[in-house]
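Side-chain atoms are counted along with the backbone in the values below, which use heavy atoms only and exclude waters and symmetry mates. From a predicted model like this one, the values you see are computed outputs, not experimental measurements.
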Amino acid sequence: MSDTPTLYARFTEKLDAVLAALEAEGHMPPDTPRRAVTVEPPRDPSHGDLATNAAMVLAKQAKTNPRALAGLIVEKLAADPDVTSAEIAGPGFINLRVAREAWLAELRAVAELGADYGKSTMGAGRTVNIEYVSANPTGPMHMGHCRGAVVGDALASLLEFAGHKVIREYYVNDAGGQVDVLARSVHVRYREALGKDVGEIPEGLYPGDYLVPVGEALAEEFGDRYLAAPESEWLVPFRERAVAAMLEMIRADLALLGIHHDLFSSEAELQAAGKPAEAEAWLRERDLVYDGMLEAPKGKTPEDWEPVELPLFRSTKFGDDQDRPIRKSDGSWTYFGADLAYHYQKAQGADALVDIWGADHAGTVKRIKAAVAAMTGADGDAVPFEVKLVQMVQLLRDGQPVKMSKRSGTFVTLADVVREVGKDVVRFTMLTRKPEAQMDFDFAKVVEASKDNPVFYVQYCHARVCSTLRKAAAEDLAPSDGHLELLGEEELEMVKLAAQFPRIVEAAATAREPHRIAFFLHDLAAALHGYWNLGNDRPDKRFIVVQDGNLSRARLFLAAQIGQLVRNGLALLGVEAVEEM
RNA sequence: GCGCCCGUAGCUCAGCUGGAUAGAGCACGAGACUUCUAAUCUUGAGGCCACAGGUUCGAAUCCUGUCGGGCGCGCCA
């Protein structure tokens, strides 16, 4: 992004230039691939500020040994004014120490770039479509949807920050049997609204109270017109209105979490437009769909199993375990048959696709990946497509599991949880674990205001910076980069950590792992709190040292930039950076 | 039976797509508080990275198998 490349990017360029020079001098063959070359902070800070594995990775291609190659690289790097020392260590690591001035310049870059510090051009403006949530429009959002929603949303922000154009998409499953069930459930509420005694909600229908107002609205709209009418007359209009009402509710629930999709794509519209049929024809032409028998499921063969001939997609050709039906025996589309066409549609509007799914759908990943490979791979390169699975969240209250049962309607809604613990807590907590690991969500722990709670810890860091700046302002001290040379080693350590933000962003975006931002923020907060605590015993290490204005202003400048960084990181996670707590 | 995910300190988890002596918090042990910035701080101990092989300069990380936990497996969505 920047006209001001950040420190890590700059050193990567320097190293690249050195390697190019070595190629030109004949030490390495031309166009030696350098993909595996990294520039990163060494694990042990005593080794230096930056380390590169270049010599070890490239030694084989240079037909020499790592240490010899390292010698050549070091010779050139040592000439750089930003490098104060370059040493070969161990099997061929190159450890660099970076000039103080270069770190201080990085601190100025944070100030200069502000909210843009950490942005990357990595995505090169490529469009990524990220589909997340896509909960069935049959009721309010519950906690089962929450993690995917937050992870997907944070990932979308992250990819945007990393230079992609992002489409946030929600696939509305408004065409299957479940929405018919919804329509029937709503019909019961409709009769109820007209004063009929409906008794218990029949087994198999949705019992939730949230359908009561929908029934009332229908009664208002249609009067008693459909009271005794056959289902065929009211099913379609009831379904339409019920789905619309559910979507409105879902949007409101998502808004509570600060989530707003760019696009809601309707499965029913997709089908009405004939997209699945087009896909089928296209696939049949290439013999990727054929009429065949489905094998009985392995393991537990059901008694009522009857082999039928169905149109099957050859997903086995692309790594699936079984060919998959795209239509049911009554001719209507299976979920997969429509989903296949849907993904093709998404692929036409994007350079890459990402789906965020709950782990309970893991079993269908192979078939949809097969479908995308088949449909986008035919004419050139397949569109890159990843399915990220988020694992289950177990809700706990004081260590005891919270029971949820769909049948009895006692599920914990997302709205309830957000109301109880707040948006920021929900979002941050969902991002403090890698998505593919199961997690617990304990109501007692997530609202705790102590340093054991990462949400609090990070937000408090920002609040602390703000309160320090407020206090300084009261004493007529404003942050200034006029005398940054007064900053000591402890302060410089914080700068070094802060300078990693841009590369953390890129790594997190590449890996599609927004939780890395959360962990980085926790580390950064720990550094600031640690420095703060230093001031307890050593008043000369406080941000505000009354006797020394220049030093205070330099430290305040540092504090302000740490605050800026926390804001940038929290913005990616969709968590508010509060100014006081 | 099959597929996917997970297995790292007593507990909850990181580990930067293969790097150097595997980290943090909690809990545990020992110290510190006449508020100056204690919504605590310093410090110590704690590990066969589930297990067994393999790949290579080098593995917690990649591959194979075993064990353990979770999720799923019909034309459902």
Side-chain angles (χ1 to χ4, degrees), chain A residues 36 38 40-44 47 51 53 56-57 59-60 65-66 89-93 95 134-136 138 173 175-179 267 294-302 304-306 308 310-312 320-322 324-339 358-366 387 389-392 394 432-440 442 445 448-454 456-457 460 463-464 467-468 471 500 503-504 506-508 510-511 513 515-516 518-520 522-523 526 529-530 532-537 539 541-544 581:
Chain A
T38 60
E40 41 186 34
R43 192 155 299 189
D44 184 343
H47 291 147
N53 61 356
M56 288 182 293
V57 174
K60 195 170 281 178
N65 69 69
F93 282 102
N95 292 328
S134 299
N136 290 327
T138 56
N173 303 130
Q178 291 188 14
V179 283
E267 179 183 4
L294 214 52
E295 286 171 46
K298 307 268 163 27
K300 41 158 197 174
T301 308
D304 60 344
W305 178 258
E306 279 176 41
V308 210
L310 292 168
L312 302 180
D320 198 1
D321 316 299
Q322 206 181 22
R324 306 292 176 177
I326 60 170
R327 278 195 279 167
K328 307 176 198 172
S329 50
D330 69 359
S332 65
W333 300 103
T334 61
Y335 179 85
F336 173 63
D339 203 24
D360 51 345
H361 291 85
T364 61
V365 171
K366 283 184 181 173
V387 180
L389 296 175
V390 301
Q391 286 291 330
M392 307 283 111
Q394 183 169 27
T432 51
R433 213 123 302 179
K434 57 182 174 191
E436 65 270 24
Q438 289 147 241
M439 77 180 288
D440 291 344
D442 193 318
K445 283 187 187 159
E448 195 180 328
S450 82
K451 61 168 302 223
D452 308 339
N453 186 345
F456 171 81
Y457 195 66
Y460 186 48
R464 200 164 232 185
S467 85
T468 305
K471 189 179 172 194
Q500 291 195 44
R503 55 184 291 274
I504 301 282
E506 291 194 347
T510 304
E513 290 183 350
H515 74 276
R516 294 192 195 189
F519 280 95
F520 172 76
H522 190 268
D523 287 348
H529 291 314
W532 181 278
N533 290 323
L534 215 53
N536 282 332
D537 297 330
K541 277 295 174 190
R542 296 180 185 182
F543 284 106
I544 302 171
M581 307 191 68

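In the set B:G15, B:U40, B:A20, the nucleotide with an atom closest to the side chain of A:His515 is B:G15.
Relative orientation of the A:Tyr457 and A:His529 rings is tilted, given thresholds of 30° and 60° on the angle between their planes.
For the pair A:Phe519 and B:A14, the ring geometry does not qualify as stacking, because the centroid separation below 5.5 Å and plane angle under 30° are not jointly satisfied. B:A20 has its base stacked against the ring of A:His47, the centroids being under 5.5 angstrom apart at an interplanar angle below 30°. An aromatic stacking contact links A:His361 with the base of B:A77, defined here by ring centres under 5.5 Å apart and ring planes under 30° from parallel.
Rounded to an integer number of Å, the gap from OH of A:Tyr457 to P of B:A39 is 13 Å. Between the P atom of B:C2 and the CG atom of A:Asp321 lies a distance of 12 Å, rounded to the nearest Å.
Separating the P atom of B:C11 from that of B:A50 is a span of 13 Å, rounded to the nearest Å.
Counting atom types as modelled, A:Asn95 pairs a side-chain N or O with a base atom of B:A20 as donor and acceptor under 3.5 Å. Counting distance only, with no hydrogens placed and no angle test, the side-chain atoms of A:Thr334 and the base atoms of B:C75 include no donor-acceptor pair under 3.5 Å.
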Completion exercise
Pairing string of RNA chain B (Watson-Crick or G-U wobble, both atom distances under 3.5 Å; | = paired to other strand) is (((((((..((((.....[...)))).(((((.......))))).....(((((..]....))))))))))))....
Could you pull out the protein-nucleic contacts involving nucleotides 5-11 of chain B (nitrogen or oxygen on both sides, under 3.5 Å)?
residue: B:C5; atom: O2'; partner: A:Glu436; partner atom: O; Å: 2.6

